[in-house]
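Heads up, the thing below is written out as structure tokens.
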There are 4 protein chains.
Amino acid sequence: MEFSEKQVQIMEAAEKLFAAKGFDGTSVRDIADTAGVNLAMISYYFGSKEKLMENMFAYRSDFFKLQLETMIRNKELPPLQKIEALIDQYVDRLMKEQCFHRIIVREQMVNYTGPISGMIQELKKQNQELIKQLILEGQKKGDFKKGIDIPFLMMTLIGTISQVITTQHYYREINGLHSMPDPDFQKLIKKKTGHHLKSIFKAILTHEV
Amino acid sequence: MEFSEKQVQIMEAAEKLFAAKGFDGTSVRDIADTAGVNLAMISYYFGSKEKLMENMFAYRSDFFKLQLETMIRNKELPPLQKIEALIDQYVDRLMKEQCFHRIIVREQMVNYTGPISGMIQELKKQNQELIKQLILEGQKKGDFKKGIDIPFLMMTLIGTISQVITTQHYYREINGLHSMPDPDFQKLIKKKTGHHLKSIFKAILTHEV
Amino acid sequence: MEFSEKQVQIMEAAEKLFAAKGFDGTSVRDIADTAGVNLAMISYYFGSKEKLMENMFAYRSDFFKLQLETMIRNKELPPLQKIEALIDQYVDRLMKEQCFHRIIVREQMVNYTGPISGMIQELKKQNQELIKQLILEGQKKGDFKKGIDIPFLMMTLIGTISQVITTQHYYREINGLHSMPDPDFQKLIKKKTGHHLKSIFKAILTHEV
Amino acid sequence: MEFSEKQVQIMEAAEKLFAAKGFDGTSVRDIADTAGVNLAMISYYFGSKEKLMENMFAYRSDFFKLQLETMIRNKELPPLQKIEALIDQYVDRLMKEQCFHRIIVREQMVNYTGPISGMIQELKKQNQELIKQLILEGQKKGDFKKGIDIPFLMMTLIGTISQVITTQHYYREINGLHSMPDPDFQKLIKKKTGHHLKSIFKAILTHEV
DNA sequence: AATGAATGAGTCTTCATTCAT
DNA sequence: GATGAATGAAGACTCATTCAT
């Protein structure tokens, strides 16, 4: 799918607003204003608000998958280090695309059917498959324990990052980090989240419990 | 605050719908129809849709806090067992109040200010404090390691449960559990989630990593 | 018509609010709150908002007519002095019952039919008749000129007072009388209005023009 | 401010209805129907009912001021004739714009603040200033008496015309003019009002009283 | 291709009134 | 008799979308 410059403008405005205010909380007028385009252009280009959402989703998730896949394939490392690299990638990616991630979290809650739900499911499956491969590889090599509940480990991986993303302002407030510049704060929580998840994965994958 | 039977009816309808379709995606007409009351009753009792949300929140979170507190205080057990009991409670509670939990997840993303945000923050603080006490107690007794990052452990606790709740239908689908009756399925994931989280906590709190 | 204490309370609240915000701009809830009575009592006592208006009107205009009539009949003076006394009475009355007068001004504009319109018309006719008698008496005695356009003189009498009442705050502002206590200000404009109208009537009734 | 044809249509419908039924008594649906436009157009063009009122006011009062000013400046006549010309203009103008005038009368009673009140006050001030100039000119030339209470003379000028406008149907009824065609009736009362006011002004400005 | 104008359906809220007690 | 609860109708306004140009 090729998108014109204006279409990208619109989709990016939509992404930001959908993330901040939800799909229903965002009006096409909002989007048009934020994108700096004429109101009628949105229907004109995308047909409807719903279709805009779908297009934006396709646009973003294309963008998404590739990065991860190439990353994994290129590295040839011991299983644990691979897992750790993958965690870093995950954290990095979700943190970088916070807006999009928020939209996914929302959409998962609402829509069990429809094209977007399908896309999310597809993404999930692919990513889960990837991790599964990595863990199986580690188990074959004897580095990882047997009997790992991979789906629930994924729940923790994504759930923890989601939680960090959606409640970062509470974390900031509670820890008195109001005045820290946002880029620094982002770096901080990214580092901490990565570290935290790595300890969990290491513990679960390698130690007896 | 005392609520009449009708008010509770309305609040429960609102909770269900807000959870399913979001605040903006739910019309007061929806709520009125679902609750089986006249449309105007909602404004009559609560003043506005927003105020209804706030009242529902207060109603539910009252309900929330007490259960946890009394539970913790009453048990006199070794720290790890206490933690495990708390995880069970947490999982149980969030799973039981899935609707309410979904609303919280949503609201956290949108609203950093306003009365609801305040209530959530308050809830979070209290619960976090409780866990902190438990962990400190374990550390004092020598059962738990030092240097635990409690806030991030909380992120994992809540984040994992949230993830399970919001993506349960994917889990169901992927694992081919379409035909399992919902109560059974709920029991299943509750058990698995509890088990999973306990392994993580045990590993993080007691083992060297 | 006999009115209970509560009914009077309601009618007086209604009068004040109708004068200030108009009939349509005033809700029965406003009236109930201002009167300190239960909302349902208004419909209960008066049947409807409209009927409340009518009752209030009847209540007030009863009050109105009598004062004027007795005043006029009792005085035995030269015609010009009678006219002057009448002007004083008129000014005094309208100024004292500003709220009611405002309502009349409004209602005249809106409703050409209906019971209230009838009442106003009746009031007007009676008062006009009175003045007519006075002027005819003066003409017969040779004190007043012939060919007076009585209806238009009435227009000036009432119109001027109305204008003073409805624009008093402009007058106050323009003349820098913000800080004068209201009772003093009322006295001032009452005096000035009376004086002004008397000059006009004297000029029109007695001088060649 | 430039208004499109449709905007003018709406404003004129609004003017008529506001005059007849008051601001609160007129619904935007009424206005839309009367103007023959879609209901949503009103919000589309003006934002709100209130803003429509303000725009209509600005539109009409622009229209208003100029006529008077140019009229006065262009004539080079003895003071009394100027005053008489001004009275004619005033009567003519207010009679022609009866709807707008009614709205002003109403608004003065309700709203002491807000943008409309400001506009009225401005109009009043300008017109009053004009008359003041004229009278001062006449006094300087020795044609008019000293000690004229100009504000109250204005009250009589505007108040009388207002009274004629708002009670014209009573006048008609009382004088048995039901069957006279309205244009004729309007001409009649315009002539009578002008004549009446001129006598008053002449008497007050030039005779000893 | 791009847009200002327009609209029907829908939003939340308030209204005056009535009912059951 | 007096009133809290309840309601249908109507209020102003916003929405996503379409149309004529």
Side-chain angles (χ1 to χ4, degrees), chain A residues 4-7 10 14 23-32 36-53, chain B residues 4-7 9-10 14 23-32 35-53, chain C residues 4-7 10 14 23-32 36-53, chain D residues 4-7 9-10 14 23-32 35-53:
Chain A
S4 76
E5 200 181 333
K6 271 209 170 153
Q7 282 173 311
I10 292 168
F23 181 79
D24 292 304
T26 304
S27 73
V28 291
R29 185 165 270 109
D30 275 349
I31 299 170
V37 303
N38 182 281
L39 172 62
M41 280 202 44
I42 289 170
S43 296
Y44 178 68
Y45 273 139
F46 297 97
S48 73
K49 193 182 168 186
E50 203 105 9
K51 291 253 179 70
L52 163 59
M53 174 71 137
Chain B
S4 77
E5 203 179 330
K6 268 217 168 141
Q7 283 173 309
Q9 250 176 75
I10 293 169
F23 182 80
D24 292 306
T26 304
S27 73
V28 292
R29 181 165 277 111
D30 276 349
I31 299 169
V37 303
N38 182 282
L39 173 63
M41 285 259 45
I42 287 169
S43 295
Y44 176 67
Y45 274 134
F46 299 97
S48 71
K49 193 182 168 187
E50 202 106 7
K51 291 248 180 73
L52 163 58
M53 173 71 137
Chain C
S4 77
E5 200 181 334
K6 272 210 171 151
Q7 282 172 310
I10 293 169
F23 182 78
D24 292 303
T26 303
S27 73
V28 291
R29 185 165 271 110
D30 275 349
I31 298 169
V37 304
N38 182 281
L39 173 62
M41 280 201 44
I42 288 169
S43 296
Y44 177 67
Y45 272 139
F46 297 96
S48 72
K49 192 182 168 188
E50 203 105 9
K51 291 253 181 70
L52 163 59
M53 174 72 136
Chain D
S4 76
E5 204 180 329
K6 268 216 168 139
Q7 283 173 307
Q9 250 176 75
I10 293 169
F23 182 79
D24 292 305
T26 304
S27 73
V28 293
R29 183 164 275 112
D30 275 350
I31 299 170
V37 302
N38 182 282
L39 173 64
M41 285 260 46
I42 288 169
S43 295
Y44 175 67
Y45 274 133
F46 298 98
S48 71
K49 193 182 166 186
E50 202 106 7
K51 291 248 181 73
L52 163 58
M53 173 72 137

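First the proteins, then the strands, lettered A, B, ... as listed; each starts at 1.
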Which residues share a ring pair (Phe, Tyr, Trp, His ring centres under 6.0 Å) with Y45(D), sequence neighbours left out: none

Between dG8(E) (C1') and M41(D) (CE): distance, integer Å: 13 Å

4.5 Å side-chain heavy-atom contact, V28(A) and L52(A): no

Contacts of type side chain to side chain contact (heavy atoms under 4.5 Å, CB included), residue D24(D), not counting sequence neighbours: D24(C)

Under the 3.5 Å Watson-Crick or G-U criterion, the dot-bracket string of DNA chain E, with | for inter-strand pairs: .||||||||||||||||||||

Heavy-atom protein contacts under 4.0 Å, nucleotides 9-14 of chain E, coded B base, S sugar-phosphate only, - none: --BSBB

Sugar-phosphate, base or nothing in reach of F46(C), heavy atoms under 4.0 Å: nothing

Along DNA chain F, first and last positions that approach a heavy atom of chain C under 4.0 Å: dG1(F) to dG4(F)

OG-NZ distance between S48(B) and K51(B), expressed to the nearest 0.5 angstrom: 5.0 Å

Under the side-chain hydrogen bond (donor to acceptor under 3.5 Å, both in side chains) test, residues paired with Q7(C) that sit two or more places apart: S4(C)

Residue whose nearest DNA chain F nucleotide is more 5′ - K6(C) or Y45(B): K6(C)

Run the side-chain donor-acceptor check on residues 35-44 of chain B: report pairs under 3.5 Å with partners two or more places apart or on a different chain.
unit_1: N38(B); atom_1: OD1; unit_2: A40(B); atom_2: N; d: 2.7

Residue list, ring pair (Phe, Tyr, Trp, His ring centres under 6.0 Å) with F23(C), at least two apart or on another chain: F18(C)

